[in-house]
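Here is how names work: the chains are called A, B, and so on, in the same order as the sequence lines, proteins then strands, and each is numbered from 1. Below, each value reflects all heavy atoms present in this structure, side chains not excepted, and no hydrogens, waters or symmetry copies.
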Amino acid sequence: MSTQPGTEQHEYSFSTMEAKWPAVWEELDVFAPADDGSRERRYVLDMFPYPSGDLHMGHAEAFAMGDVVARYWRLKGYDVLHPIGWDSFGLPAENAAIKRNAHPSEWTYANIDTQAASFKRYAISADWSRRLHTSDPGYYRWTQWLFLRFYERGLAYRKNSPVNWCPKDLTVLANEQVVNGACERCGTPVTKKSLNQWYFKITEYADRLLDDMDELKGHWPERVLAMQRNWIGRSEGAHVRFTVEEAAGRPAKDVTVFTTRPDTLHGATFFVVAADAHLALDLVTPEQHDALMDYREKIKALSDIERQSTEREKTGVFLGRYAVNPLNGEKLPVWAADYVLADYGTGAIMAVPAHDQRDLDFAQAFDLPVRAVVDTGEEDPAVSGVATSGEGKLINSGELDGLSKTEAIARAIELVEAAGTGEKTVNFRLRDWLLSRQRFWGAPIPIVHCDECGEVPVPDDQLPVRLPDDLRGEALSPKGTSPLAAAADWVNTDCPNCGKAARRDTDTMDTFVDSSWYYLRFASPDYTEGPFEKEAAARWLPVDQYVGGVEHAILHLLYSRFFTKVLKDMGLIDFDEPFRALLNQGQVLNGGKAMSKSLGNGVDLSEQLDKFGVDAVRLTMIFASPPEDDVDWADVSPSGSAKFLARAWRLGQDVASAPGTEYDGGDRALRSVIHRTVADAADLLDAGKFNVVIAKLMELVNATRKAIDAGPGAADPAVREATEAVAIILSLFAPYTAEDLWAQLGHEPSVVKAAWPAVDESLLVQETVTAVVQVAGKVRDRLEVPADVSEDELEKLALASPQVIRTLEGREVRKVIVRAPKLVNIVPA
RNA sequence: GCCCCCGUAGUCCAAUGGCAGAGACAACCGACUUAAAAUCGGUCCAGUGUGGGUUCGAGUCCCACCGGGGGUACCA
């Protein structure tokens, strides 16, 4: 075994490499973009981490993926922005602070330091000079600034309404943070509470959030798009006004319903309003008032989980009044029930039990009439108890009779529009984004409440509204009101408008507000004149490749898309979508299950790094499966990866030609493999098939080994060319080993400065290829033919094959399909 | 219930509609070794969940079903 001059190491040792290279990278500053316009720019971003403890296996996977892209693009000659930061506001820091009688910032920044050190060890090729933390005043100043811009545009507003309340964390939750009726964070069943809260009017952007997904198609995972589509929940239908007749001294009142089935108007047999909506109180007659109040109390006591169960018997209470069907004048009894939601549509429905299962269940519970108006050919719902919602001809519907469902929907809309009692409309499932939180460790909402002037925005030049430093430990424990309310010095302030005594808003913003714009801040992280420098953002954004977990498919990604659209409307940016392409890495499992403390199946990242080395762990993560698939740590072999890395590294020990050797005279067969591998690897990387790139790289290493041991030998120029290609491709996955290999080959200063190898097309073409000859789709012969064989020639050769003639047994040839030079299929009669 | 994704060797995974196997793990055999480890070389292993269809040709496209995973769920 020969050793290159200047290389002292003889055995592969990951710990030696890990000790050596970080200082070199830092010294060379290789990961910061030049940003001088000399090269095309690319922006690759990993979803920034929350600083809870040290990095774990999930981070290791996600960041390995993003780093492959960043390093590949750099080698390809792009000017790459690959920044890193922390989503450092949030509840865990606050809970830790309470436990340790400390300030949340202590825990937060200590964890950030730990994670930053781990990221550096993990060799993430990030531009550390752009590092940001959302809990820094220099950052949240601009979160507040953006809130005020939203406020000015009427996109941030306060309203009193029942909200999701976590009785353990003692804070409100956005709809998106309620999972199966329980708090996303702690699992406690969520209850409803009526509070005056801040909202962002994301519903105003529902159409654009939906329509602009067209430009994401093919670049975002289909399932993420599907989830967003469902979440936005666009539904076409009609608003129809019913007049609730005057009764028991209560005046008549028009009530609008939303329906997707105006064709079934004649099938409406009763009318339901959401029991918890104010409308129910408006409508109820004095005689029924007590019954309604009892019912409201009863449903308030139910948890969300119970309330949402579709198994549950339908309940409700008659309100003592009747609504008039605008199409046929029929009087429908008005009920209040909890199966109608106050905050969807208008909070009132026309009930068509024959064609809606929920209405039918209710009708059967209270003995209300059922009238089918669409003949679907199925059994009468009144008898079967199964509502029919399919296609069919209209019956029992006056002038709609005989029409198809689709025709009847259009005609019914025309009728109510002509009568002035309704119109075609679109309804969305999406609700406004509840953003205020009664917790401490977040960006304070920059509003002052003044007895004289009402809500007064804090002037821009007084931003940031800083969190007080003196609240710590017990003072932060949840009380149902924001801990900030207890900081008298902080709360009491002068009204920016009239100068009189006033109070600060004591809520803080949902941390999803912080993360809805951080990708923009990275373009100019130290900018002090605005959230980001317009020109810098125009240069770098949108993000070309975003990498992160599918758990953010709705929340973070929808909010960020919303922010981007608002910022565009403000004229600060000129694109509609923040993330051009999205890669969702899978989870890291162990033994088929997500790692968790309760299962005791956790795998500690730092232990794995100590045992196998950074490169082996990174390589294992990438090689295990396609990026979007889960990796089961029990199924993979970091020791196998380490073995491969050592094998690749040893090539460098054997290369016996000098740096700068011309490749031209090298072994042709090996050179073909090299250039094929480089070309394939580029295609595979562009397609995101990182795991396959590693397989190709293994082939190249194997071929090179063979060339050294049993082929042209270690001094052949092709062996050097191959080993250099190995080092370059390997640098995407295993930066330490690649650097060491590159250095062994006599190169300086870093493989990061290398270029992706150019492909010599002439080496890709083969002189002869194996053509497959099929008879009736079955392989019967193989022919060595010139690569440029003509279709006619190949057909002749195939038909002349003794194997073919034997198989045909004299049968007529009906057809011959020729795909020169690879395949001939002969179809006998 | 509705929507989305996935079923290929013992395992993880490859395969522009064209020879089912690129790569790896595990297992086994051999070389090296006093022995073991490491290393090197080799061997073994499925006809692609099931049933139809389209096609000269289907793992790949279409339909239905089965199984697994995920999302969502009284959204009118």
Would you indicate which nucleotide in [options] comes nearest to any side-chain atom of [X]?
| X | options | value |
| --- | --- | --- |
| A:Ile349 | B:U72, B:G23, B:A76 | B:A76 |
| A:Ile817 | B:U39, B:C56, B:C5 | B:C56 |
| A:Lys706 | B:G42, B:G23, B:A76 | B:G42 |
| A:Ala226 | B:C4, B:G23, B:C13 | B:C4 |
| A:Thr260 | B:A76, B:C5, B:C74 | B:A76 |
| A:Arg223 | B:A76, B:U11, B:G70 | B:G70 |
| A:Trp231 | B:A24, B:A73, B:C13 | B:A73 |
| A:Lys643 | B:A76, B:C25, B:A22 | B:C25 |
| A:Ala695 | B:U72, B:C13, B:G23 | B:G23 |
| A:Phe258 | B:A76, B:C13, B:C56 | B:A76 |

Any salt bridge between A:Arg705 and A:Asp709, counting N to O under 4.0 Å?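 Salt bridge present between A:Arg705 and A:Asp709.
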
Salt bridge A:Arg618-A:Asp615, side-chain N to carboxylate O under 4.0 Å: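 The answer is no: the pair does not qualify as a salt bridge.
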
Under the salt bridge (charged side-chain N to carboxylate O under 4.0 Å, His left out) rule, collect the residues that match up with A:Glu236, sequence neighbours excluded. A:Arg234

With sequence neighbours left out, what residues match A:Arg261 under salt bridge (charged side-chain N to carboxylate O under 4.0 Å, His left out)? A:Asp263

Using a 4.0 Å heavy-atom cut-off, does [X] contact any base of the nucleic acid, only the sugar-phosphate backbone, or nothing at all?
| X | value |
| --- | --- |
| A:Arg647 | sugar-phosphate |
| A:Ser235 | sugar-phosphate |
| A:Gln774 | base |
| A:Pro221 | nothing |
| A:Phe428 | nothing |
| A:Asn702 | sugar-phosphate |

Dot-bracket for RNA chain B, please. Rules: Watson-Crick or G-U, both distances under 3.5 Å, ( ) within the strand, [ ] when a pair crosses earlier ones, | for another strand, . otherwise. (((((((..((((....[..).))).(((((.......))))).....(((((..]....))))))))))))....

To the nearest angstrom, how far is [X] atom [atom1] from [N] atom [atom2]?
| X | N | atom1 | atom2 | value |
| --- | --- | --- | --- | --- |
| A:His355 | B:C74 | NE2 | P | 23 Å |
| A:Leu341 | B:A73 | CG | P | 11 Å |
| A:Asn584 | B:G71 | CG | P | 13 Å |
| A:Arg814 | B:G57 | CZ | P | 9 Å |
| A:Leu589 | B:U11 | CG | C1' | 15 Å |
| A:Arg234 | B:C3 | CZ | C1' | 18 Å |
| A:Arg819 | B:C56 | CZ | P | 11 Å |
| A:Gln587 | B:G71 | CD | C1' | 13 Å |

Mutual orientation of the aromatic rings belonging to A:His556 and A:His552 [parallel < 30°, tilted 30-60°, perpendicular > 60°]: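 Perpendicular, since the angle between the ring planes exceeds 60°.
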
Considering only the [atom1] atoms, how many Å lie between [N] and [M], rounded to the nearest integer?
| N | M | atom1 | result |
| --- | --- | --- | --- |
| B:G7 | B:C13 | C1' | 13 Å |
| B:A27 | B:A20 | P | 31 Å |
| B:G10 | B:G49 | P | 13 Å |
| B:A38 | B:C25 | P | 12 Å |
| B:C66 | B:G57 | P | 29 Å |
| B:A76 | B:C63 | P | 25 Å |
| B:A58 | B:G71 | C1' | 31 Å |
| B:G70 | B:A36 | C1' | 48 Å |

Between A:Ala348 and A:Val636, which residue's closest nucleotide on RNA chain B lies nearer the 5′ terminus?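 Counting from the 5' end, the first nearest nucleotide belongs to A:Val636.
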
Scoring nucleotides 59-67 of chain B by protein non-hydrogen atoms under 4.0 Å (B base, S sugar-phosphate only, - none) yields ---------

For A:Met350 and A:Phe271, which heavy atoms make the closest approach, and how far apart are they?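 Answer, listing the atom of A:Met350 first, then A:Phe271: CA-CD1, 4.4 Å.
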
Over all heavy atoms of both residues, which pair between A:Ala351 and A:Tyr339 is shortest? Give the atoms and the distance, please.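 A:Ala351 and A:Tyr339 have their closest heavy atoms at CB-OH, 4.4 Å.
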
Are OP1 or OP2 of [N] and a side-chain N or O of [X] less than 4.0 angstrom apart?
| X | N | value |
| --- | --- | --- |
| A:Ser637 | B:C12 | no |
| A:Tyr339 | B:A76 | no |
| A:Lys689 | B:C13 | no |
| A:Asn691 | B:A14 | yes |
| A:Arg429 | B:C2 | no |
| A:Lys815 | B:C56 | yes |
| A:Asn230 | B:A73 | no |

Just checking A:Trp335 against A:Phe270, ring centres under 6.0 Å apart? no

Between A:Phe623 and A:Phe644, is the ring centre distance below 6.0 Å? no

Once side chain to side chain contact (heavy atoms under 4.5 Å, CB included) is applied, do any residues pair with A:Val603, and if so which ones, sequence neighbours excluded? A:Met57, A:Asn590, A:Met595, A:Gln608, A:Trp633

Passing candidate, side-chain contact (heavy atoms from CB on, under 4.5 Å) with A:Leu265, options A:Thr259, A:Val352, A:Val416, A:Val373: A:Val416

Look at the side chain of A:Asn825 and the base of B:C56, then say whether one donor and one acceptor between them are separated by less than 3.5 Å.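 Yes.
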
Restricting to side-chain hydrogen bond (donor to acceptor under 3.5 Å, both in side chains), what partner residues turn up for A:Thr260, sequence neighbours left out?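 Expected list: none.
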
Apply the test salt bridge (charged side-chain N to carboxylate O under 4.0 Å, His left out) to residues A:Arg676 and A:Asp680: give CA-CA distance (whole Å), side-chain angles for both, the deciding distance (0.1 Å), then the verdict. CA-CA 6 Å; A:Arg676 178 85 270 156; A:Asp680 286 352; 3.4 Å; yes

Any sub-3.5 Å donor-acceptor pair from A:Asp781's side-chain atoms to A:Val804's backbone N or O? no

